Engineer: 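Structure provided below as structure tokens; questions to follow.
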Amino acid sequence: MSYKRFYVILFLASGLFCLLPLVLDLYRLHVVIVSLFYVMMAASWNLIAGYTGQVSFAHAAFAGIGAYTSGILTVKAGMTSWLGVATGTLTAGVTGLGVGFLCLRMGGIYLSLTTLGFSEILRIIITNEYDITRGTMGLQIPPMIAPYSKAVHFFILLAGTLLTLIVVYKIIHSNMGLNFRAVQNDERAARSLGVNVIRVRVLAFAVSSALAGLAGAIYGHYLMLITPEIPSLDLQFFVLSMAVIGGLGSFAGPIIGSFALTILSEYIRAYGEYHVLVFGLVALAMARFAPQGIMGLARQFMPASGVRQ
Amino acid sequence: MLPMALMNGLVMGVIYALAALGVSLVVGIMNVINFAHGEFYILAGYFSYLFADTLGLNPILSMSLAVGMVFLFGIVIEYTIIRPTYGNHMYSLILTFILSIVLQNAYLLIFGPYPKKPPGWVKGATNIFGDFCYGNQRLAALAAGTVLIVAVFLLIKKTWFGRMIRAASQDREMAELNGVNTALLNTFSFGLGCALAAAAGVVLAPVFPVTPTSGVPVALTAFVVVVLGGMGSMWGCVIGGLILGLVENLGAAFISTGYKHLFGFIILIVVLAVKPSGLFGSRET
Amino acid sequence: MLEGKELTKRFGGIAALSQVSFALPEGLIVGLIGPNGAGKTTLFNSIAGAFKPSSGQVIFKGKEITGLSTDRICRRGIARTFQVTRPFDEMTCLENVGVAVINRARPVSSPWRDAAYETLRFVGLGNQADLEAKRLNLIEKKRLEMARALATEPSLLMLDEVLGGLNSREIGEAVDLIRKLRDEWGLTVFWIEHVMGAIMSTAQRIIVLDQGKKLMEGTPEEVAEDRRVIHAYLGE
């Protein structure tokens, strides 16, 4: 896909999205906003998992860092939401840099282990520091723009989604993106051609974590209540499932996966709290039998239609 | 307070060591981290509860049955889910993580959210060192855990099967050339890894009842132990497990109960920063 | 150019390489031969930084490079190919070579695609530039491997059995290519090979390894006549 075509499709799609607040009721608009949050999460997770082959289990945790940093700064320090979101994004990125630097010297398995521990620890800290975070009760924070309006926040999340998608697209089509794919394809061969594998991985991890921080921060201000649900392994699992079911390593996969699963979960929710189990089984089956996800199946069954990476 | 914390630390340390041995065994041979390790641990707790409490079987028999069932379950999982991912790290990590969430939710559906506790083996408490009473069940868990660890060491260090395992974890290709059926060995060791998680589970369940998610902290600690001890090192698991158990319980007793599991994570950070190959790690990366 | 001083590499208790010393003069093709398991690839790996030698030193252009990371050694000017080719399967040939171009020590001013395409044409893969690497046949994969190594702009090229599996015409072409690298590009070539005829007629010096030790070093003629070498190859 050429640059031009990408931007044309992106802006046409967002133009269509701009009409949604006119036609959707508030509940449906909420579902779309949640989907957009998941698009931001899954697309940025795809940047590390899909394009460099490293599995981070702390993506939700970084969203939590973004949300709590911004939330606490706006509530306790009187910062504006916009500055709060920027600080939250930066904090998530810098933390990602630190965690990445610490464990990526030892290879991918260490990243998965450490990030899993990291998200659990973050949950413990948030739950325990009740005075600052209000623990599991949740912290009430102001919206991005007061007075609160769902439509306005829809546009803010849409802008965040566009920003995330453009950043991801630019990176995977840059020299850095070429290095990402080389590292994923064959780490040893990449090293032998002068690729500084550790730097590539740490950078990918930091950028992806910053984007998660951005998503979490904006989403927190939309919800106006941040709880340990954001940095939870359940949310991590949703993001992972969306990327895997949509198609890891393809640009459109996580977008499709996010919308499909968010809307699906709203339907299943009506029949009780089984949606996690159902997603899990679907994701398990997909990862096992169709590791390229929906996008991979589309390429397989419609080779002529021009569905490409 | 100190003797109590020390004893609790020892009991948990032995359990962590046992769970970590299972993780370590699978990493050493298959280079796969089983993120569902904690869910196998919990499954054994549920099985032993079912057999002993619901069916009324003898506790020892129920525990053996539970470990056996989890071993078989592990073999089925390896054969159906893990095996196709050989050579693709990323998918084995993703698949076992999804598996852990699926199992947690399945337990919630089947067993409900409330703690389930299999019957204890012994009753009462014993006066230790003349100054405090310690539950007999915990002492029994300590003894049982120690016996199991010794049994694992004997299995790996002294038997024909252990020799094959050690050969395969040092050099797969060489082992294959020497006629070791590594596919079969993988299946069997994955099952054994799960059985070790199960053993830890049945030993600890009468002390700390199981809930659908109570395996998570134990598995996380087991992962920290594996990194602390050094990937693939058996002594590392034992020493690391004891260190973690003691640090957590002393920390909980003297610093903060809520941050019990934070201490383990701090250890992980220090290890990664100072000696990333772990205490007994020799493997080059 | 490249000097090894008493290089030793032990795996567990076994010495795959013991006390090997050698010196490669600039601008020559130097062959590295020896029976299977003699430690040839281990020597390459120790030089290229795939692992750190247990003891000894590697000196390149007067500076010690022992134990540096592989990517830094590559930027210093040592490129290698692998015995079993390791292309980036899911990437096109052009992108495969592009990875080497964008990570050069001296960054290119022109777009990497141009430089990568030039290198592909040089090894005869100009028409396959947009093909995914996994679709190439064996000989094309070997050429791609060579193109990637060359695209790093090395001064020393280490080739690990590039002729294996080729027919005699293809061997001729490959040998011509290697000669051209020496004569026109001024490269020093360190070359492991089992196809004896080709290496004996192309290399100016030959180093023979046996059981992890250096057996001898000399011109191809000296090596061909040496009784120790014949003994090592034919066995007891």
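Letters A, B, ... are given to chains in the order of the sequence lines, protein chains preceding strands, and every chain is numbered from 1. Because the structure is predicted, anything quoted here is derived from the model rather than measured.
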Engineer: By the salt bridge (Lys or Arg N to Asp or Glu O under 4.0 Å) test, which pairs, at least two apart or in different chains, include something from residues 56-73 of chain C?
Structural biologist: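 Residue pairs with at least one partner in residues 56-73 of chain C: there are none.
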Engineer: Check whether A:N185 reaches the backbone of C:P87 with its side chain - one donor and one acceptor, N or O, closer than 3.5 Å.
Structural biologist: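 It does not hold such a pair.
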Engineer: Any non-hydrogen side-chain atom of A:R188 less than 4.5 Å from a side-chain atom of C:F82?
Structural biologist: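 Yes, at least one pair of side-chain atoms sits under 4.5 Å.
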Engineer: With a 4.5 Å heavy-atom cut-off (strictly below), which parts of residues 138-158 of chain C touch chain A? List them by number.
Structural biologist: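 Residues C:R148, C:A149, C:T152 are the ones that qualify, each having a heavy atom under 4.5 Å from chain A.
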Engineer: Sort out for me which of C:C74, C:G49, C:A48 touches chain A most, counting heavy-atom pairs under 4.5 Å.
Structural biologist: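 So the answer, after comparing C:C74, C:G49, C:A48, is C:C74.
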Engineer: Can you tell me if C:K134 has over 12 outside heavy atoms packed within less than 6.0 Å of its NZ?
Structural biologist: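 Result for NZ/C:K134: enclosed.
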Engineer: Between A:L178 and C:M91, is any pair of side-chain heavy atoms under 4.5 Å apart?
Structural biologist: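 In short, these two side chains touch, coming nearer than 4.5 Å.
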Engineer: For a quick test of reading the model, state the closest non-hydrogen atom pair linking C:F88 to A:A182 and the distance between them.
Structural biologist: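 Scanning both residues, the minimum pair turns out to be CE2-O, 3.4 Å.
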Engineer: How about A:R288: does its CZ atom have over 12 heavy atoms from other parts shown lying under 6.0 Å from it?
Structural biologist: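 Result for CZ/A:R288: enclosed.
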Engineer: Using a 6.0 Å cut-off, check whether atom CZ of A:F101 has over 12 heavy atoms from anything other than its own residue.
Structural biologist: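 Not buried by this count: 12 neighbours or fewer within 6.0 Å.
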Engineer: Kindly write out the residues that satisfy side chain to side chain donor-acceptor pair (under 3.5 Å) with A:N179, not counting sequence neighbours, or none if the list is empty.
Structural biologist: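 A:N179 satisfies side chain to side chain donor-acceptor pair (under 3.5 Å) with C:N103 only.
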Engineer: Could you give the distance from CZ (C:R104) to CG (A:L193), rounded to the nearest 0.5 Å?
Structural biologist: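 These two atoms lie 11.5 Å from each other.
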Engineer: Is the number of heavy atoms from other residues, nucleotides or ligands within 6.0 Å of CZ (C:R179) greater than 12?
Structural biologist: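 Yes - once you tally the heavy atoms of other residues, nucleotides and ligands closer than 6.0 Å, there are more than 12.
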Engineer: Quick check on the structure: residues of residues 184-193 of chain C within a heavy-atom distance below 4.5 Å of chain A, by number.
Structural biologist: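 Residues qualifying by a heavy atom under 4.5 Å from chain A are absent, so none.
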Engineer: So does A:R181 pair up with C:E95, basic N to acidic O under 4.0 Å?
Structural biologist: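 Yes, charged N to carboxylate O under 4.0 Å.
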